Amino acid sequence: MRELLAEAAFELFMERGFEGTTVDDIVARAGVGRRSFFRYFPSKEDAVFPDHERCLADMTEYLERATSGDPLDRVCEAARIVLRMYAANPVFSVRRYRLTREVPGLRTYELSVVRRYERTLAGYLRGRWGDAPDGSLRAEVIAAAVVAAHNNGLRSWLRSGAVGDAEVAVDHALALVREVWSRTPDRPVTVLDGADGDGREVVVMVAPRGAPLWRVVRQLESALAETPAAE
């Protein structure tokens with residue numbers, strides 16, 4: 001029934017536009033009552049994304065089992081669960097992508113779904129890193145980076161009309177995340193080994209959104225004090 005309603009809804013969205021389709025139109029096309037629709041979908045927007053609840057549940061289940069191994073590898077693999085969901089039905093995925101680009105409300109809804117994936121990944125990383133220095137901050141930043149890398153590759157594939165292998169672009173983007181964040185979180189990350197074009201040390205600091213300015217300045221001063229002077 002869920003698939004029947006989603007299919008009827010999407011057919012109408014393509015024919016009449018999202019705003020031009022009502023719930024009554026959808027249930028009439030599906031041959032069911034309004035109560036049946038709301039049993040499966042709280043709103044029209046939910047009918048555009050009928051597979052995300054199941055996908056989020058699969059991701060959560062996978063992470064609950066992933067109690068060993070490299071946490072970064074685990075969250076990258078969890079992101080691929082979402083990729084495989086899109087790749088399983090490329091025609092529908094491309095049509096949905098194009099529809100969300102046209103309807104601002106759907107784009108907003110999609111962003112809320114993305115945020116739920118990000119929170120799930122961050123929660124897993126916090127659980128794995130416990131009380132490690134900057135563990136919670138690192139979990140939030142890496143979860144956001146994994147989601148951004150995954151979405152960049154996925155949307156590139158969708159914009160092409162699902163031409164080629166979706167995993168190639170996503171794997172490339174996730175490899176960049178691994179390259180940057182593969183170090184074990186045994187101390188706060190404030191300094192990147194390296195130099196700028198003039199041969200000077202480069203200091204990079206990450207602060208949580210809304211952190212007081214005095215705390216940011218204190219952390220920056222501490223990082224600079226610990227950085228050896230360039231010769």
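Keep in mind that what you see is a predicted model, and the values were worked out from it rather than measured. What you see below is based on every heavy atom in this structure, not just the backbone, and it leaves out hydrogens, waters and symmetry mates.
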Test side-chain contact (heavy atoms from CB on, under 4.5 Å) applied to Arg95 and Val91, step by step: CA-CA 6 Å; Arg95 288 177 177 172; Val91 174; 3.9 Å; yes

May I ask you to check whether over 12 heavy atoms, not counting those of Arg116, lie within 6.0 Å of atom CZ? no

Applying a strict under-4.5 Å side-chain criterion to I, L, V, M, F, W and Y, I'd like to know whether Met14 and Leu5 cluster together. yes

Taking the side chain from Lys44 and the backbone from Thr21, do they hold a donor-acceptor pair closer than 3.5 Å? yes

Is there a path of hydrophobic side-chain contacts, each under 4.5 Å between heavy atoms of I/L/V/M/F/W/Y residues, joining Val75 to Val180? yes

salt_bridge(Arg96, Asp51) N-O dist < 4.0 Å: yes

Can you name the closest pair of heavy atoms from Val94 and Gly161 and give their distance? CG2-C, 3.8 Å

Are the side chain of Ser36 and the backbone N or O of Val32 linked by a donor-acceptor pair below 3.5 Å? no

Compare all side-chain heavy atoms of Leu99 with those of Phe10 and state whether any distance is below 4.5 angstrom. yes

Flag yes if more than 12 heavy atoms outside Arg35 fall under 6.0 Å of its CZ atom; otherwise flag no. no

If hydrophobic clusters are built by linking Ile, Leu, Val, Met, Phe, Trp and Tyr wherever their side-chain heavy atoms come under 4.5 Å apart, do Leu4 and Leu12 end up in the same one? yes

Is the closest side-chain heavy-atom distance between Glu7 and Arg2 below 4.5 Å? no

Would the His52 and Tyr117 ring centres measure less than 6.0 Å apart? yes

Taken to the nearest 0.5 Å, the spacing of Ile142 CD1 from Trp181 CH2 works out to 5.5 Å

Phe18 and Glu45: side-chain contact (heavy atoms from CB on, under 4.5 Å), yes or no, with the steps? CA-CA 9 Å; Phe18 181 79; Glu45 288 79 3; 3.7 Å; yes

Measure across Val170 and Gly153 and return the closest heavy-atom pair with its distance rounded to 0.1 Å. CG2-C, 3.8 Å

Any side-chain heavy-atom pair of Arg138 and Val141 under 4.5 Å: no

Ile81 and side-chain contact (heavy atoms from CB on, under 4.5 Å): which partner among Leu56, Leu63, Asp58? Asp58

When you measure from the side chain of Arg128 to the backbone of Gly69, do you find a donor-acceptor pair of N or O atoms at a distance under 3.5 Å? yes

Can you give me the closest heavy-atom contact between Ala78 and Leu121, atom names plus distance? CB-CD2, 3.9 Å

For Phe41, which residues count as a ring pair (Phe, Tyr, Trp, His ring centres under 6.0 Å) partner, sequence neighbours excluded? Phe37

So does Glu140 pair up with Arg126, basic N to acidic O under 4.0 Å? yes

Listed pairs under 3.5 Å, donor-acceptor, residues 101-110 side chains, sequence neighbours left out:
| residue | atom | partner | partner atom | Å |
| --- | --- | --- | --- | --- |
| Arg101 | NH1 | Tyr97 | O | 3.4 |
| Arg101 | NH2 | Glu110 | OE1 | 3.4 |
| Arg107 | NH1 | Glu110 | OE1 | 2.6 |
| Thr108 | OG1 | Pro104 | O | 3.2 |
| Tyr109 | OH | Asp46 | OD1 | 2.2 |

Same hydrophobic cluster for Trp157 and Val163, using side-chain heavy-atom links shorter than 4.5 Å among ILVMFWY? no

Taking every heavy atom of Leu174 against every heavy atom of Cys76, the minimum-distance pair comes out as CD1-O, 3.9 Å

Minimal non-hydrogen separation, Pro50 against Phe92, with atom names: CD-CZ, 4.3 Å

side-chain contact (heavy atoms from CB on, under 4.5 Å) evaluation trace for Ile26 with Phe13: CA-CA 9 Å; Ile26 295 170; Phe13 296 153; 4.2 Å; yes

In short, Glu118 meets Ala143 closest at the heavy-atom pair O-CB, 3.6 Å

Should the pair Arg84-Glu77 be classified as a salt bridge under the 4.0 Å nitrogen-to-oxygen rule? yes

With a 4.0 Å cut-off, would you call Glu15 and Arg29 a salt bridge? yes

Quick check: do Val82 and Met59 have side-chain heavy atoms less than 4.5 Å from each other? yes

If two hydrophobic side chains count as joined below 4.5 Å and joins carry through other members, does Val168 share a cluster with Val177? no

